[in-house]
Amino acid sequence: MNDIKKRERIILILGSLAGLLLVGFMLVFALAVHQSYTVQEHNGSLKTISEERTVTLVQSGQTFWRYWDEGENPEPSASLRWTEPDYDDSAWKSGMGTFGAYADSAAGRQKTDTLLNYALPDQRAIPVYYFRTEFDVGDLGNVRCLTGKIHYDDAVMMYLNGELVYASNIPDGGYTAENLYGSSTRVGEVENDIFVINNLNSLKSGRNVLAVELHQRDEASSDIYFDLEILETSNETSMAQPLDLSGLVLEQGAKNDEIIVNWLTENKGTYELIWAPGTDKSALRTPAGRKLMGGRKTGVGGTFSYHGKLSSLPEGQSYVYQIVDLQHNLSSEVSSFKIQPEQPFTFGFVGDVQIRTEHLEENQENWQRAVDTLAQLQPDLSFILTAGDQVNSSDNEKAMKEYRAFRSPAALKQIPVAINIGNHEGNSELLESQFERLKNGSDYYYDYGDTLFYALNCMDTDTQAHLDKLSQTITRHKPRWVIVTMHYSLFGSKDRSDNEKVMAARDAYAQAFSDLNVDVVLSGHDHYYSRSLLMQGETATDRQEGRKRSGDVLYVSGGTPTGSKFYELKEETPDSVAFSILEQEATVSLITISGNQLTLETYAVDSRELIDRCELNK
């Protein structure tokens, strides 16, 4: 009996000791978990790089972020201090998973784990949101690149230890303290992007800070969304493609001191445009200016169009410029341009380039020859104006090949172009994604000194809207010379009597152009060069040059510069035509404006022979 009691007492003592040990273990474990949770909430996911091929640094649903959704930059004057490792974010909120906000919670928007503030006090959408997290890196020697997958709406920028390494759907130039709204394209569904960052200049051993800014498109945007699904290291070198500038052209901007760098590429990335005055390429080691390029999908395969606008450039100044890939730490070849004087100036004019897939190489070579002809005839060319039908096909794949061929002349990286919409630019989405000023088929205009150029989209038949805008623009600008550019040739040498669209355009615009005292109308469509008598409405005067009277309009139909396609000429020249070429021949024109004088000269591309000259005076 005593032995039984002793055994029971021993079992009770051992059980009590085991219970105490278990309780102690649980307390220690709970404390460790609490400390880990606290560290994780403040610092994000802490990882150490090992010999593994990939190591996860950030993962949705597991990584804690600090975020700021108060509707203003946490730092004054839009400073980027908040992206730097030593910034104090203790006053920020924290959360993990997916982040989002929307105006209508019942609208079936993307589900979010952490709900953000949506509106400012005046009910405008909050323009920008800020996020920060941290991760730890032990051995940098085994890291070759970072890879990730991100979901966002509308535009996003990502910084590693204060250095921008990734951006998507941002507008040209990025953001300023005065304007934090904006995106390159409107986002319907949440955008999903897989990215690679080869630029590891800012990655360091130990603690690293990843910072993200998320932007609304405009003050009426109904939702916002952010989820960095994953960010990993890789010990495999990413084969980033070199920057190919074969798809780059310059566009004439809104004034003679403005240039738009327009780049078509198959590489999606985060690109910065840098530039410096002069002709020395080495000046780009310390560029005078730099800006982010806005980009958008073209809708054809994996092709993107990027734009960078340079403004307020002094006339007579030469510049070198270059594109830098911030994600992959790559730089393009260096190109150059010169800002020509606003008076006097000479620009090139051509009709339908109309590159056709069926004759792609031949048309491309001929277009190169035509551009070179213009540049050699006038080395100080201000820009080249085309009258529409840059390409021939409305098929996506064919049109993209044709646009690439149109962009191919090397001189177009130095001489800007200004294009019009033609009837063969049937794929409006593809056209507008490349040339933003043609968005929604709208007209656009630009000033070169005291000359107003107005590009009228005659494919759109709301003629009164075009004329109202033209009238308002002339009244506001009060130019010395008014030049309208459009695709249809109202008074050409080709027989268009059976073309209802052209005749309707003549009825709608001819008298209105005289009433508005338009000076010159530059068109295409006919594929033959011709020049009208001075016209008063639809009535031809007996004058073809000399002093221009009020209401006199000169109509010029630019011939094809490539010889891509010719039509049959009318057997009898219309009474309105003062000069027309008599054979199938590729032509280009030079137009010089000097004060009160305008001179038109037209040349044969092959022989470079002067075949027509006309002079107007005011």
Side-chain angles (χ1 to χ4, degrees), residues 78 80 127-128 152-159 164-187 191 193 213-219 221 243 245 247-265 267-276 287-299 303-313 319 321-327 331-332 335 337 339 383 403 407 412-413 416-419 429-440 442 444-446 455:
L80 291 177
V128 59
Y152 63 90
D153 181 349
D154 290 294
V156 65
M157 301 172 72
M158 185 184 300
Y159 303 84
L164 181 66
V165 292
Y166 166 83
S168 190
N169 204 33
I170 61 169
D172 173 32
Y175 303 92
T176 64
E178 294 73 29
N179 187 15
L180 293 170
Y181 292 109
S183 64
S184 183
T185 58
R186 185 174 296 280
V187 175
E191 289 289 317
D193 192 13
E213 58 181 288
L214 184 70
H215 289 263
Q216 289 275 31
R217 178 176 176 84
D218 54 50
E219 60 185 37
S221 292
L243 302 188
L245 296 190
L248 186 146
V249 296
L250 299 181
E251 281 187 85
Q252 177 57 47
K255 294 183 179 181
N256 60 290
D257 63 357
E258 186 173 279
I259 293 290
I260 301 170
V261 179
N262 180 325
W263 183 37
L264 188 69
T265 175
N267 299 337
K268 182 177 182 181
T270 304
Y271 299 109
E272 188 175 54
L273 176 64
I274 64 174
W275 67 95
R290 56 198 326 142
K291 67 181 303 185
L292 289 171
M293 300 181 73
R296 60 182 300 181
K297 298 176 183 177
T298 64
T303 308
F304 299 84
S305 180
Y306 290 89
H307 304 88
K309 184 186 298 181
L310 307 180
S311 303
S312 301
L313 305 174
Y319 288 89
Y321 69 98
Q322 188 176 38
I323 295 176
V324 178
D325 182 345
L326 297 180
Q327 279 180 237
S331 297
S332 73
S335 297
F337 63 86
I339 299 297
F383 59 90
Y403 276 118
R407 290 168 169 268
L412 297 186
K413 296 172 181 55
V417 293
I419 75 168
E429 181 181 353
L430 180 54
L431 177 71
E432 293 169 12
S433 66
Q434 297 178 72
F435 301 96
E436 292 186 327
R437 64 208 325 188
L438 301 177
K439 193 172 182 180
N440 300 321
S442 60
Y444 73 95
Y445 57 86
Y446 48 102

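Checked by atom type and distance alone, the side chain of Tyr306 never pairs as donor or acceptor with a backbone atom of Thr265 at under 3.5 Å. The main-chain N or O of Pro171 is never found under 3.5 Å from a side-chain atom of His307 such that the two would form a donor-acceptor pair. Remark: the backbone N or O of Arg217 is not paired with any side-chain donor or acceptor of Ser183 at under 3.5 angstrom. A donor-acceptor contact shorter than 3.5 Å is absent between the side chain of Thr298 and the backbone of Ser433.
How far CG of Leu264 is from CD of Gln434: 5.0 Å, rounded to the nearest 0.5 Å. Put simply, CG on Leu214 and OH on Tyr152 are 10.0 Å apart, with the number rounded to the nearest 0.5 Å. Atom CG of Asn256 and atom CD1 of Ile259 lie 9.5 Å apart (nearest 0.5 Å). Here Glu272 contributes atom CD and Met293 contributes atom CE; the two are 10.5 Å apart, rounded to the nearest 0.5 Å.
What you find for Asp154 and Ser221 is that their closest heavy atoms are OD2-OG, 3.7 Å. Residues Ser184 and Arg296 come closest through the heavy atom pair OG-CB, 3.5 Å. Counting all heavy atoms, side chain and backbone alike, Pro287 lies closest to Ala276 at CA-CB, 4.5 Å. Minimum heavy-atom separation, Ser331 to Gln322: CB-NE2, 3.6 Å. The shortest heavy-atom contact between Tyr321 and Lys413 is OH-O, 2.7 Å. Contact detail for Leu180 and Thr176: the closest heavy-atom pair is CD2-O, 3.3 Å.
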Verdict with supporting geometry, Leu292 and Tyr175, side chain to side chain contact (heavy atoms under 4.5 Å, CB included):
CA-CA 9 Å; Leu292 289 171; Tyr175 303 92; over 6 Å; no

Side chain to side chain contact (heavy atoms under 4.5 Å, CB included) assessment of Lys268 paired with Ser168:
CA-CA 9 Å; Lys268 182 177 182 181; Ser168 190; 3.4 Å; yes

Apply side-chain hydrogen bond (donor to acceptor under 3.5 Å, both in side chains) to Gln327 and Thr270, showing your working.
CA-CA 6 Å; Gln327 279 180 237; Thr270 304; 2.9 Å; yes

Side chain to side chain contact (heavy atoms under 4.5 Å, CB included) between Leu248 and Ser335, worked out:
CA-CA 10 Å; Leu248 186 146; Ser335 297; 5.5 Å; no

Stepwise, does the ring pair (Phe, Tyr, Trp, His ring centres under 6.0 Å) test hold for Tyr271 with Phe304?
CA-CA 12 Å; Tyr271 299 109; Phe304 299 84; 9.2 Å; no

Stepwise, does the side chain to side chain contact (heavy atoms under 4.5 Å, CB included) test hold for Val261 with Trp275?
CA-CA 11 Å; Val261 179; Trp275 67 95; over 6 Å; no

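In Lys309, the NZ atom is not crowded: 12 or fewer heavy atoms of neighbouring residues, nucleotides or ligands sit closer than 6.0 Å.
Salt-bridge annotation for Arg186 and Asp218: present, with a side-chain N of the basic residue lying under 4.0 Å from a carboxylate O of the acidic one. Between Glu191 and Lys297 there is a salt bridge, since at least one side-chain N of the basic residue sits less than 4.0 Å from a carboxylate O of the acidic one.
None of Ile419, Leu412, Ile260 except one satisfies the side-chain contact (heavy atoms from CB on, under 4.5 Å) rule with Val249; the exception is Leu412.
In this structure, a donor-acceptor pair under 3.5 Å is present between the side chains of Glu258 and Ser311.
Between Arg407 and Asn262, some side-chain heavy-atom pair lies under the 4.5 Å cut-off. Thr185 places a side-chain heavy atom less than 4.5 Å from the side chain of Asn169. Residues Leu164 and Met157 meet the side-chain proximity criterion, which asks for heavy atoms closer than 4.5 Å. Trp263 has its side chain within reach of Leu243: a pair of non-hydrogen atoms, C-beta onward, lies under 4.5 Å apart. Using a 4.5 Å heavy-atom cutoff, the side chains of Leu310 and Leu273 are in contact. Side chains of Leu431 and Tyr403 form a contact here, defined as non-hydrogen atoms less than 4.5 Å apart.
Between Phe435 and Tyr444, the distance separating the two ring centers is not shorter than 6.0 angstrom.
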